[in-house]
There are 2 protein chains.
Amino acid sequence: MNQSEICPRFEKAITILSQRWTGLIIYQLLSGPQRNCTIKESIGISGRLLSERLKDLEEEGIVKRHVYPETPVRIEYALTDKGYALEPLMKNIEDWSQNWLEKE
Amino acid sequence: MNQSEICPRFEKAITILSQRWTGLIIYQLLSGPQRNCTIKESIGISGRLLSERLKDLEEEGIVKRHVYPETPVRIEYALTDKGYALEPLMKNIEDWSQNWLEKE
DNA sequence: TATATTTAGTTACATAAAGTAACTTAGTTA
DNA sequence: TAACTAAGTTACTTTATGTAACTAAATATA
């Protein structure tokens, strides 16, 4: 086990991004702040995992949780600057998929 | 379950790329064709999963397996054009990680 | 000839992560 | 009071990953 010459920051980025659902959650939030239930419906993730991922992403500083004490209370998740900085990356994946993946 | 308005090609790309290890394997192969054992040592993946991932990536047309009938036989894995087309994305991840992740 | 080596890959089993569904909490409406 | 909704959590099943031992083929060594 020679163990990677690979840059630890790159490795960490890959670890975050290659966790199931995080990519889709971030992609979804690129279109603006959204509630738990909206994200859930749009990407088809379970409530359990969505809560887990949002908590992780919040800890990484990629997502921010906002509580609006209305009635009923509204909780929204939004990308931070760090999160929005992933937009070009998402655009890249989009482009690659258009160019190299089959229509169906 | 409203189930995604998300483009199926984008979703497929995310599925491929967010599988554990695939990002690191592709990144590693960007520096040129490599043997199974080289990849294994450089990213610290187990033999079982590396074989599985390389087989999947070959099926996706991202990686090509080359057998050189020397003595002993040499087997190398290389990115296809489709695979090399992921280079900008990897560069993007690298940039993001440099800009937004802590040094340690 | 028998033994050990190397590389690629597989098999078998233990552990960790993800999927599913029911439940809790808090506040709202019928 | 009863039913509803949104955000989370808990308990349990299924799938993916990690680990280590094993096979196969060809080579080198004793």
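Heavy-atom basis, side chains included; hydrogens, waters and symmetry copies ignored. Sequence lines set the chain letters: A, B, ... in the order given, protein chains first and strands last, and positions in each chain run from 1.
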Checklist outcome for this item: From CD of Gln19(B) across to C1' of dT15(D) the rounded distance in Å is 12 Å

Checklist outcome for this item: Taking for Trp21(A) and for Ile75(B) the nucleotide of DNA chain C with the nearest heavy atom, the one nearer the 5' end belongs to Ile75(B)

Next on the checklist: Which is more 5' along DNA chain C, the nucleotide nearest Val73(A) or the one nearest Arg35(B)? Just name the residue.
Outcome noted: Arg35(B)

Checklist outcome for this item: Glu58(B) CD to dA8(C) P, in whole Å, measures 14 Å

Checklist entry - Quick one: Ile45(B) CD1 to dT7(C) C1', roughly how many Å, whole number? => result 16 Å

Item to check | Nearest-neighbour nucleotide for the Arg20(B) side chain, dT17(D), dG8(D), dA18(C) considered | outcome: dT17(D)

Item to check | Protein-nucleotide distance (Glu52(B), atom CD; dA8(C), atom C1'), rounded to Å | outcome: 15 Å

Item to check | Between Glu58(B) and Tyr77(B), a side-chain donor and acceptor under 3.5 Å | outcome: no

Next on the checklist: On the nucleotide dA7(D), are OP1 or OP2 found under 4.0 Å from the side-chain N or O atoms that Lys55(A) carries?
Outcome noted: no

Checklist entry - Checking only heavy atoms, does the side chain of Arg48(B) share a donor-acceptor pair with the base of dT19(D) at less than 3.5 Å? => result yes

Checklist entry - Taking everything shown except Lys12(B) itself, do over 12 heavy atoms lie less than 6.0 Å from its NZ? => result no

Checklist entry - Whom does dA30(C) pair with, Watson-Crick or G-U wobble, provided both distances fall under 3.5 Å? => result dT1(D)

Item to check | Nearest-Å distance for atom pair CG/C1', residues Leu49(A) and dT13(D) | outcome: 14 Å

Item to check | Note: Glu52(A)-Lys55(A) ion pair, threshold 4.0 Å (strictly below) | outcome: no

Checklist entry - Between the side chain of Gln34(B) and the main-chain N/O of Gln28(B), is any donor-acceptor distance below 3.5 Å? => result yes

Next on the checklist: Tell me the interatomic distance from Asp56(B), atom CG, to dG9(C), atom P, rounded to whole angstroms.
Outcome noted: 13 Å

Checklist entry - Under 4.5 Å between any side-chain heavy atoms of Leu30(A) and Tyr84(A), yes or no? => result yes

Next on the checklist: With a 4.0 Å limit, can you tell me whether Arg65(B) has a side-chain N or O closer than that to the phosphate oxygens OP1/OP2 of dG9(C)?
Outcome noted: yes

Checklist outcome for this item: Between CZ of Arg74(A) and P of dT28(C) the distance, given in whole Å, is 15 Å

Next on the checklist: Can you measure Leu54(B) atom CG to dT7(C) atom P for me and round it to whole angstrom units?
Outcome noted: 16 Å

Checklist entry - Any idea which of dT9(D), dG19(C), dA7(D) is nearest the Asn36(A) side chain? => result dA7(D)

Next on the checklist: Would you say Tyr68(B) places a side-chain N or O within less than 4.0 Å of OP1 or OP2 belonging to dT7(C)?
Outcome noted: no

